[in-house]
Trainee: 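Here's a structure for you.
When reading the values below, keep in mind they use all heavy atoms of this one structure, side chains included, and skip hydrogens, waters and symmetry mates. Proteins come first, then strands; the chains are lettered A, B, ... in the order of their sequence lines, and each starts at number 1.
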Amino acid sequence: MPIIKTEALTHVYSKGSPFESVALENINIEIAQGEFVGLIGHTGSGKSTFVQHLNGLLLPTNGRVLMDGADINSSKKLRHEIRFKVGLVFQYPEYQLFEETVYKDISFGPRNMKLSKQEIDERVREAAGFVGVPESLFEKSPLEISGGQKRRVAIAGVIAMRPDVLILDEPTAGLDPEGCESILNNISDYRRATGATIILVSHSMEDIAKISERLIVFDGGHIVMDDSPMEVFSQADRLRSIGLDVPVVTDIATRLRELSIYVPECCYTVSQLRDAILSLKKGGSSC
Amino acid sequence: MSSIIQVKDVVFRYEGEEEPVLNKTTLEIEQGAFVVILGHNGSGKSTLAKHLNGILTPDEGSIFVDGMDTRDYEKLLDIRRTVGMVFQNPDNQMVASVVEDDVAFAPENLGLPPDEIRARVDEALKLVDMYEYRLHAPHLLSGGQKQRVAIAGVIAMRPRCIVLDEPTAMLDPAGRHEVIGTIKRLCRMNGITIVLITHHMNEAIDADRVFVMSNGKVVSEGTPKEVFSNVESLKAEGLTVPDTAELLYELKLAGFEFPAGTLTVEECARAISSALK
């Protein structure tokens, strides 16, 4: 059974008013336990509206959202539980820190889950460990730490609920390259350690290429592609026509093939293309 | 060419902080150039940007904008007319509910006659390719469009230099192309000096000059080809190089040989092609 399933999910903003606009139309999708899904689409394509349905922040205008087979909006109890099962990290989450100390901020979710003090403490330390927030920061005010650290604290606050599904909306926006890489590694580590399902929303084709196994592409409130990164990035013209792009590496690989250097189509990260070129040099051709 | 901005040995501390954010920063920006400033988070880039039109002034050292000292309060208005700023979040920069009113905000404050304001607003919107949206509401525009309106708002002051602090960080790929394309055009066609602060190494490929900041100092400067040929030292600063340079660097480690300074996709593909043949 898929962990998440949507059936004919449709969302209309300001229904019945002159500003009525259809943000999502008839979305049918299944996401399996443990998948790493990248979500891309230009601003306004519907991806944020979509992810907000997955933990019940928005109610479908039509259709259903199922988690483990149950309609999350069918009872008050389920809608309450879904908030802990599906953790949503918004864009620029560092603006949402509000507690007096880093420790209290990370523990906010587990406290709301009515866990024991000991369990809360365990989860705070575990979550902080995943995102690389040292315990020496626990008693500091979130206002005293750097932007990169704030972002980690905010992500830890969601991870501390041990969600089965972790959704991150542009977790690396505005971070320097080292910060981006380390946050992406933290997310991969979390998934490896817990088997959680990860949904990553990003405008960076390079980031998405590095870590997703499946790419879902939104345009105009519809899913227009749903495939492996290799298949999606092989359609550069189509992606560009809907305001997206391919990784620079894909462009290099395409140009190489035009120059009769036949690197395989499946190269979309630097290391893949490097390996493909090295094996061509040796006379082989592998992917 | 003469320089429009001279930053000399600037030291700056935020109130109550012991460590200076800028620690003897020195650089010069040529009139009409496209300049990119790189650096890790906390390296002092944004603090430097705010010094370039007198939002902040140095504790020690000096900054001259077109010959004017930024600490000279009498010159502040002239400095801000010379150097305009665009920030990361377009939503924080919109002041009006109609695009053309937003662009008119600065010229109105300059006290210009209505005809002149009209002319400047139209000209600015045309330069960023947003003229047809002049009567739209800013909140209904895409991120890239909003950011171009913000640029138009600055252009309407007819500045000689525009400083943009991570203007593409919140944008989708199409928005990023629109904004980068617009500022390159303003630089090349209209002679406006551009200072772009960014974490996207690929945006620096066409710059005339790149400065790398670390701990409040300029640690490296040169053409993109020069700066991006030092892959190891950039990585030591928590930065990367464009993917083209990264690929060639990794291939070099595996025994390939390439000519120095290859940055565009075309150059990169050709270099690999000839190395294999």
Trainee: Would you say that more than 12 heavy atoms from the other residues, nucleotides or ligands in this model lie under 6.0 Å from the CD of A:E20, or not?
Mentor: yes
Trainee: Can you tell if the side chain of B:I183 reaches within under 4.5 Å of the side chain of B:I162, non-hydrogen atoms only?
Mentor: no
Trainee: Any idea how A:F233 and A:Y268 line up, ring-wise: parallel (<30°), tilted (30 to 60°), or perpendicular (>60°)?
Mentor: tilted
Trainee: Heavy-atom cut-off 4.5 Å, strictly under: side chain, backbone, both or neither for A:S146 against chain B?
Mentor: neither
Trainee: Are there more than 12 heavy atoms of other residues, nucleotides or ligands under 6.0 Å from atom CD of A:E181?
Mentor: no
Trainee: Name the region of B:T198, side chain, backbone, both or neither, that has any atom closer than 4.5 Å to a heavy atom of chain A.
Mentor: neither
Trainee: Out of A:H203, A:Q91, A:E178, return the one with the most heavy atom pairs under 4.5 angstrom to chain B.
Mentor: A:H203
Trainee: Evaluate the ring planes of B:H136 and B:Y133, with Trp represented by its six-membered ring, and classify them as parallel (under 30°), tilted (30 to 60°) or perpendicular (over 60°).
Mentor: perpendicular
Trainee: Is it the backbone or the side chain of B:L171 that comes under 4.5 Å from a heavy atom of chain A, or both, or neither?
Mentor: backbone
Trainee: Tell me, for A:I261 versus chain B, whether the close heavy atoms (under 4.5 Å) come from the side chain, the backbone, both or neither.
Mentor: side chain
Trainee: For the pair A:Y13 and A:H11, name the ring-plane relationship: parallel under 30°, tilted 30 to 60°, perpendicular over 60°.
Mentor: perpendicular
Trainee: What part of B:R176 gets within 4.5 angstrom of chain A, counting heavy atoms only: side chain, backbone, both, or neither?
Mentor: side chain
Trainee: Chain A heavy atoms under 4.5 Å from B:H200: which part of the residue, side chain, backbone, both or neither?
Mentor: neither
Trainee: Heavy-atom distances under 4.5 Å only: say whether B:L247 touches chain A with side chain, backbone, both or neither.
Mentor: both
Trainee: Is it the backbone or the side chain of B:E178 that comes under 4.5 Å from a heavy atom of chain A, or both, or neither?
Mentor: neither
Trainee: How far apart are the closest heavy atoms of B:D172 and A:T43, and which atoms are they?
Mentor: OD2-N, 2.5 Å
Trainee: Shorter than 4.5 Å, heavy atoms on both sides: which option in B:T264, B:L248, B:T244, B:L38 has the most such pairs with chain A?
Mentor: B:T244
Trainee: Among A:A173, A:S202, A:G174, A:G44, which residue has the highest count of heavy-atom pairs closer than 4.5 Å to chain B?
Mentor: A:G174
Trainee: Please flag which part of A:E258 lies under 4.5 Å from any non-hydrogen atom of chain B: side chain, backbone, both or neither.
Mentor: neither
Trainee: Look at the rings of A:F50 and A:F218 and say which category their plane angle falls in: under 30° parallel, 30 to 60° tilted, over 60° perpendicular.
Mentor: tilted
Trainee: Among A:L278, A:V270, A:L273, which residue meets the side-chain contact (heavy atoms from CB on, under 4.5 Å) test with B:L251?
Mentor: A:L278
Trainee: Side chain, backbone, both or neither: which part of B:N41 has a heavy atom under 4.5 Å from chain A?
Mentor: both
